[in-house]
Visitor: 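Pasting in a structure now, in structure tokens, and then I'll have a few things to ask.
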Amino acid sequence: MNYWLMKTEPSEFGIDDLILRPNQTEPWDGVRNYQARNMLRDAMQVGDQVFFYHSNCEIPGIVGIAEIVKAGYPDDNAFEPNDKHYDPKSTPEKPIWSKVDVKFVQKFARTLSLKELKAHPALQELALVRRGNRLSINPVSPEQWAVILSLE
DNA sequence: GCCAACGTTGGC
DNA sequence: GCCAACGTTGGC
């Protein structure tokens, strides 16, 4: 099993929105970065665990856990000219972009803030806290996962 | 293939 | 709102 961290802006779609979805499940779409796409398409498997991260908000940090319930499949909103994430280079015959489905698992009692993660000695290699990292999807090692969970 | 200009992310 | 960091675009 693999561990991940996925960023989202709560003003757009936060963990409370995920909880309210049918089956508490939502496609994770709209990713338009090749590195992140490769993780969505090639690496994520059903059952993988995901830290749900809120960015661009009052307290950026990890707010809970979700789970991959459907592995990579074509991001079809790239085909829709009226969609915000439309990409004319991607077609149903040759899709460029991928998405996965994530399901709510747990919401933490408090936000594990970015500040706190950055300060933790055992998390200095966490992709999220590395300088200049802007990827919306990051891998998390089993060791890092355990350390972060213990903060809750 | 180089690289300047521009756009986006996201913390602060 | 600012700006550092990084990705993408497009002229050459």
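Predicted, not measured: the structure shown is a model, and the values here were computed from it. The chains referred to below are lettered A, B, ... by the order of the sequence lines, with proteins before strands, and numbering in each begins at 1.
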Visitor: Flag yes if A:Y53 and A:V129 sit in one hydrophobic cluster, no otherwise; membership is Ile, Leu, Val, Met, Phe, Trp, Tyr, and two members link when side-chain heavy atoms are under 4.5 Å apart.
Guide: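 Yes, A:Y53 and A:V129 fall within the same hydrophobic cluster.
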Visitor: Using only atom types and a distance under 3.5 Å, with no angle test, would you say the side chain of A:N56 pairs donor to acceptor with the backbone of A:E9?
Guide: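 No, because the side chain of A:N56 does not come within donor-acceptor range (under 3.5 Å) of the backbone of A:E9.
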Visitor: Between A:Q124 and A:K118, is there a donor-acceptor pair closer than 3.5 Å when you use the side chain of the first and the backbone of the second?
Guide: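 Side chain of A:Q124 to backbone of A:K118, a donor-acceptor pair under 3.5 Å: yes, one is there.
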Visitor: Would A:I62 end up clustered with A:M39 when hydrophobic side chains under 4.5 Å apart are linked, directly or stepwise?
Guide: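 Different hydrophobic clusters.
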Visitor: Examine distances only and state if a side-chain atom of A:Q106 and a backbone atom of A:G64 form a donor-acceptor pair shorter than 3.5 Å.
Guide: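 A pair under 3.5 Å: no.
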Visitor: Provide the start and end nucleotides, 5' to 3', of the part of DNA chain C that has atoms under 4.0 Å from heavy atoms of chain A.
Guide: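 That gives a stretch of C:dA5 to C:dT8.
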Visitor: From A:M44 CE over to A:K99 NZ, what is the distance, rounded to the nearest 0.5 angstrom?
Guide: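 Reported value, rounded in 0.5 Å steps: 14.5 Å.
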Visitor: Rounded to the nearest 0.5 Å, what separation is found between the OG1 atom of A:T111 and the CG atom of A:L151?
Guide: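 One gets 12.5 Å once the value is rounded to the nearest 0.5 Å.
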Visitor: Among residues 90-101 of chain A, which ones have heavy-atom contacts with DNA chain C below 4.0 Å?
Guide: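 Those residues whose heavy atoms fall under 4.0 Å from DNA chain C, taken from residues 90-101 of chain A, amount to none.
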Visitor: Between A:R37 and A:D75, does any NZ, NE, NH1 or NH2 come within less than 4.0 Å of an OD or OE carboxylate oxygen?
Guide: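 No salt bridge links A:D75 with A:R37.
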Visitor: Would you please name every residue forming a side-chain contact (heavy atoms from CB on, under 4.5 Å) with A:N33, sequence neighbours left out?
Guide: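 A:Q35, A:A36, A:L135.
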Visitor: What do you reckon, are the aromatic ring centroids of A:W28 and A:F52 less than 6.0 Å apart?
Guide: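 Under 6.0 Å, so yes.
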Visitor: Report the residue (A:N56 or A:Y34) whose heavy-atom-nearest nucleotide on DNA chain C is the more 5′ of the two.
Guide: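 Going by which nucleotide is closer to the 5' end, it is A:N56.
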Visitor: With sequence neighbours left out, which residue pairs that include part of residues 68-125 of chain A fulfil the ring-ring contact (aromatic ring centres under 6.0 Å, His included) condition?
Guide: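 Listed by first then second residue: A:Y34-A:W97.
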Visitor: Can you tell me if A:S98 uses its side chain to pair, donor with acceptor, with the backbone of A:L40 under 3.5 Å?
Guide: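 A pair under 3.5 Å: no.
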Visitor: Which of residues 2-13 of chain A have a heavy atom under 4.0 Å from DNA chain C?
Guide: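 Heavy-atom contacts with DNA chain C come from no residue of residues 2-13 of chain A; none.
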Visitor: For DNA chain C, which residues of residues 113-135 of chain A approach it to below 4.0 angstrom with any heavy atom?
Guide: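 Heavy-atom cutoff 4.0 Å gives A:R131, A:G132, A:R134.
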